[in-house]
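Start at 1 with the first residue, then count along the sequence. Only a predicted model underlies this, so the values are computations on that prediction, with no experimental measurement involved.
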Amino acid sequence: MDCFEQQDKARKNTKVLVVYFVIAVACIIASVYLAALLIFYGAQSRQQLGDPTRELVLWDPKLFSYVALGTLGVVIMGSLYKTVALAKGGSAVAEALGGRLVNPNTTHPDERKLRNVIEEMAIAAGVPVPKIYVLDDENGINAFAAGHAPGDAAIGVTLGCLTRLNRDELQGVIGHEFSHILNGDMRLNLRLMGVIFGILCLAVIGRVLIFSRGGKGRNPLMLLGLALIVIGAIGVFFGRLIQAALSRQREFLADASSVQFTRNPAGLSGALQKIGGAGSKVESAHAGEASHMFFGNGMGKPFLGALATHPPLDARIRAIDPGWDGKFKTASVKAVEESSRGPAKPASARSFFPTIPEMPGARAGDAGFTTNAVLMGAVLPNLGKPTPLHLRYAEELRNSFSEKVLSAAREPLDATALIYAMLLSPDDALRAKQLTELGKRAAPGVGEKAAAIWPEVAPIVSRSRLPLVNLALPALRHLRPDEARQFVQTLQWLIASDDLIDIFEFVLQKIVRRHLAPQLGETRPTSVQFHTLEPLMQDCSVVLSALARASSSDADEVEKAFRNGVPHLRAKAAGPQLLPREACGLEPLDAALDRLALAAPQIKRNLLEACVYVVAADGLIQERQAELLRAVAETLDCPIPPFVT
């Protein structure tokens with residue numbers, strides 16, 4: 001499965017959403033018009049004594065125009081209101097459903113189990129760790145992923161999911177949700193929430209009209225309000241139909257992706273079997289709006305099968321576990337909690353992979369099966385398709401960090417100290433000056449923490465620094481607005497303090513600003529704005545030129561690398577041009593990446609393919625080039641799993 005192709009399909013499904021939306025609004029307008037015609041005709045007939053036989057005229061252009069404009073206004077304003085409310089991404093959905101944000105440094109055993117599973121999968125997939133929410137009031141077994149892109153994603157699980165599933169089952173559920181993150185389903189799901197809310201707004205207006213006042217027997221608005229509530233059922237019908245049409249097949253795809261990710265069909269099958277025994281209903285008042293996002297059916301059994309947002313449980317189980325005996329499982333909360341408190345599972349996955357001998361002098365952040373160089377042809381097939389090997393690597397990588405580093409990554413101010421420590425100079429004299437100034441610029445005590453943790457951070461290999469940044473992001477999101485502003489300003493100063501800004505420092509700053517945008521009061525577009533390559537040709541020139549010049553200082557080698565990547569952009573007109581060094585510096589690169597992040601998925605895929613051929617002009621991608629490539633991909637919301645053998 002090509003994640004970019006799946007993202008493109010999800011984007012094109014927006015057209016299906018528009019068609020359903022237009023049909024739904026047309027039916028609602030016709031129903032409201034007919035109700036208004038009958039109600040106001042009856043009221044006028046009673047008032048016009050002497051003309052009780054007044055004929056009903058079915059077509060009243062004036063009334064129709066009022067009804068159409070009013071209905072459109074309500075639906076569109078309702079949809080826009082909900083869309084704006086969801087602008088901050090997955091956290092808006094989680095909070096609306098009653099979710100509680102999990103502290104990254106939680107001590108609760110079940111929450112630590114959930115956090116560890118999500119962290120491992122995020123590292124394996126090459127995406128930032130999503131925000132983690134628990135729906136404490138929901139005892140059914142369910143979960144969801146929401147957001148506009150991997151950078152603002154949130155994963156929520158019900159209390160029943162957290163306490164009734166063992167680690168393998170929970171991993172299967174989370175793998176399913178990561179498929180939605182990687183395949184671009186989340187953005188479509190958020191748009192769908194906005195549309196459905198607009199359609200359902202008429203029922204809200206109807207309830208308001210019912211309580212409007214007027215003379216006894218002479219207030220047609222009350223009757224109209226009652227009619228709107230009835231007509232609201234049309235909105236509910238079309239809302240469920242749209243949810244079902246766009247989500248059912250993608251649930252099968254997400255199940256298959258989860259099994260490919262974990263190589264453990266029994267885990268996902270066990271979770272689905274427990275749903276059959278314990279249920280997956282979500283009681284939140286907003287569950288209907290988000291029912292298409294859930295892992296399992298969050299609503300009651302639909303009257304019509306065509307309105308089901310999820311395939312039948314037995315069909316999902318048999319698709320991944322053909323030998324299933326047809327019996328659902330019961331889920332014991334106590335047993336699962338006890339098992340989650342036990343020691344971590346031994347590395348059973350080692351049987352999957354070749355044994356790798358321990359190497360003396362191994363450095364922090366150096367997992368067992370990393371490589372210093374990777375074949376060019378091994379990069380693109382793994383885009384958006386992490387494997388059990390990547391998952392095993394992620395577990396080893398996280399375990400290779402010291403407890404001091406992991407603890408710092410999970411506390412807001414300590415996480416800022418950890419990021420600062422990554423940027424401190426290896427030169428003793430310069431580092432001393434940086435720490436002195438850091439004590440003045442950073443929050444109180446943070447400079448001392450950065451100095452204390454630097455010996456733990458300095459040995460971390462370069463390829464492990466971006467994953468460590470991604471591990472720290474959930475804690476950084478807990479910073480207050482004033483703390484976030486101070487952190488970003490201090491970070492900018494520290495990066496520039498040695499008069500040399502490398503690609504990692506540039507990307508680090510960009511990632512931090514993007515993920516702290518809500519605290520900084522910044523917003524960025526989330527929808528695709530470029531569907532063709534031509535408007536982005538200059539931006540492609542900047543990125544490919546920057547990568548070519550970062551890979552070599554020899555003019556001939558730079559030219560060769562650049563020309564090696566250009567054909568893979570598949571430009572129909574004149575392709576990009578190699579730019580001089582000053583034209584592809586950090587500021588032009590920053591602007592170019594911001595624009596390219598708004599391109600359609602296939603444009604991003606072609607760009608990344610061109611980038612791969614630029615940095616691997618000799619057929620091999622060295623470690624520094626590989627991380628540079630992953631860093632650029634990170635800013636484009638194009639996850640590249642770690643390079644492992």
Q: Can you see which heavy atom on Gln519 is nearest to which on Ala484, and at what distance?
A: CB-CB, 3.6 Å
Q: Enter the distance from Leu165:CG to Gln171:CD here, rounded to the nearest 0.5 Å.
A: 12.0 Å
Q.
Which heavy atom of Ile155 sits nearest to which heavy atom of Ile118, and what is that distance?
A. CG2-CD1, 4.0 Å
Q: Could you check Leu473 against Ile511 for side chain to side chain contact (heavy atoms under 4.5 Å, CB included), going step by step and ending with a plain yes or no?
A: CA-CA 9 Å; Leu473 284 175; Ile511 290 172; 4.2 Å; yes
Q: For Arg549 and Val558, indicate whether the former's side chain and the latter's backbone hold a donor-acceptor pair under 3.5 Å.
A: no
Q) Are the side chains of Val134 and Val157 in touch, meaning some heavy atoms are under 4.5 Å apart? A) yes
Q. Would Arg410 and Glu119 satisfy salt bridge (Lys or Arg N to Asp or Glu O under 4.0 Å), going step by step from the backbone distance to the final call?
A. CA-CA 11 Å; Arg410 291 168 179 154; Glu119 284 182 349; 2.7 Å; yes
Q. Distance from Leu468 atom CG to Leu508 atom CG, nearest 0.5 Å?
A. 10.5 Å
Q: Evaluate the criterion side chain to side chain contact (heavy atoms under 4.5 Å, CB included) for residue pair Thr83 and Arg191; output intermediate values, then yes/no.
A: CA-CA 7 Å; Thr83 301; Arg191 289 177 179 172; over 6 Å; no
Q: Mind running side chain to side chain contact (heavy atoms under 4.5 Å, CB included) on Trp493 and Leu438 for me, showing each step along the way?
A: CA-CA 9 Å; Trp493 164 81; Leu438 197 59; 4.2 Å; yes
Q. What residues, two or more places apart in sequence or in another chain, satisfy side-chain hydrogen bond (donor to acceptor under 3.5 Å, both in side chains) together with Glu634?
A. none
**Q.** N/O donor-acceptor pair under 3.5 Å between His515 side chain and Gly151 backbone
**A.** yes
Q: Look at the side chain of Thr163 and the backbone N and O of Leu159, then say whether any donor-acceptor pair between them is shorter than 3.5 Å.
A: yes
Q: Would you check if the side chain of Thr158 reaches a backbone N or O of Asn142 as a donor-acceptor pair within less than 3.5 Å?
A: yes
Q | Carboxylate-amine/guanidinium contact Asp428 Arg431, below 4.0 Å | A | yes
(Q) Can a donor-acceptor pair be found, under 3.5 Å and without considering hydrogens, that links the side chain of Arg441 to the backbone of Gln489? (A) no
Q | Check: Ser258 side chain, Ala254 main-chain N or O, donor-acceptor pair, under 3.5 Å | A | no
Q | Heavy-atom pair of closest approach, residues Leu471 and Arg398 | A | CD1-CG, 4.3 Å
Q.
Could you check whether any side-chain heavy atom of Asp137 comes within less than 4.5 Å of a side-chain heavy atom of Glu283, counting everything from C-beta outward?
A. no
**Q.** More than 12 heavy atoms of other groups within 6.0 Å of Asn399 CG
**A.** yes
Q) Taking atom SG of Cys161 and atom CG of Leu135, what is their separation to the nearest 0.5 Å? A) 10.0 Å
Q. In terms of ring plane angle, is the pair Phe261 and Phe178 parallel, tilted or perpendicular, where the classes change at 30° and 60°?
A. perpendicular
Q. Under the 3.5 angstrom rule, does the side chain of Ser497 hit a backbone N or O of Leu494 as a donor-acceptor pair?
A. yes
Q: Indicate yes or no: at least one non-hydrogen side-chain atom of Ile123 is less than 4.5 angstrom from one of Asn470.
A: no
Q. Is the closest side-chain heavy-atom distance between Glu505 and Asp498 below 4.5 Å?
A. yes
**Q.** Over all atoms of both residues, closest heavy-atom pair of Gly198 and Ser79
**A.** CA-OG, 3.4 Å
Q) Do NZ/NE/NH1/NH2 and the carboxylate oxygens of Arg514 and Asp637 come within less than 4.0 Å? A) yes
(Q) Heavy-atom count check: over 12 atoms from other residues, nucleotides or ligands less than 6.0 Å from Glu522 CD? (A) yes
Q.
For Arg392, is there an ion pair with Glu396 - N to carboxylate O distance below 4.0 angstrom?
A. yes
Q) Where the side chain of Glu456 meets the backbone of Val405, is there a donor-acceptor pair that is under 3.5 Å apart? A) no
Q. Which heavy-atom pair separates Leu536 from Ala599 by the least distance, and what is that distance?
A. CD1-CB, 3.7 Å
Donor-acceptor pairs are to be reported for all side-chain atoms of residues 85-102 against protein atoms at under 3.5 Å, with residues two or more places apart or in another chain.
from   : atom 1 : to     : atom 2 : distance (Å)
Lys88  : NZ     : Glu95  : OE1    : 3.0
Glu95  : OE2    : Tyr133 : OH     : 3.4
Arg100 : NE     : Asp136 : OD2    : 2.6
Arg100 : NH1    : Glu111 : OE2    : 3.2
Arg100 : NH2    : Glu111 : OE2    : 2.7
Arg100 : NH2    : Asp136 : OD1    : 3.1

Q) Going by heavy atoms in the side chains, are Arg167 and Leu170 under 4.5 Å from each other? A) no
(Q) Among Val542, Asp539, Leu579, which residue satisfies the side chain to side chain contact (heavy atoms under 4.5 Å, CB included) criterion with Pro588? (A) Val542
Q: Could you check if a side-chain atom of Phe487 sits within less than 4.5 angstrom of a side-chain atom of Tyr420, using non-hydrogen atoms only?
A: yes
Q: Please report the closest heavy-atom contact between Ser545 and Ser541, naming both atoms and the distance.
A: OG-O, 2.6 Å
(Q) Distance check, rounded to the nearest 0.5 Å: His292 atom NE2 versus Asn189 atom CG? (A) 4.0 Å
Q.
Could you measure the distance from the NZ atom of Lys82 to the CE atom of Met193? Nearest 0.5 Å is fine.
A. 5.0 Å
Q) Between His176 and Ser179, does any side-chain donor sit less than 3.5 Å from a side-chain acceptor? A) no
**Q.** Side-chain touch Met422/Val469, heavy atoms, less than 4.5 angstrom
**A.** yes
Q | Close side-chain approach of Leu596 to Lys604, heavy-atom, < 4.5 Å | A | no
Q) After noting the C-alpha distance and the side-chain angles of Glu437 and Lys433, does the key distance pass the salt bridge (Lys or Arg N to Asp or Glu O under 4.0 Å) rule? A) CA-CA 6 Å; Glu437 187 65 21; Lys433 292 180 180 178; over 6 Å; no
Q) Between CG of Leu162 and CG of Asp110, what distance do you get to the nearest 0.5 Å? A) 4.5 Å
Q | Partner residues of His478 under the side-chain hydrogen bond (donor to acceptor under 3.5 Å, both in side chains) criterion, sequence neighbours left out | A | none
Q: Mind running side chain to side chain contact (heavy atoms under 4.5 Å, CB included) on Leu479 and Leu413 for me, showing each step along the way?
A: CA-CA 8 Å; Leu479 292 172; Leu413 289 178; 4.1 Å; yes
Q: Without swapping roles, check the side chain of Thr106 against the backbone of Arg112 for a donor-acceptor pair under 3.5 Å.
A: no
(Q) If we ignore hydrogens and angles and just use 3.5 Å, is the side chain of His390 paired with the main-chain N or O of Pro642 as donor and acceptor? (A) yes
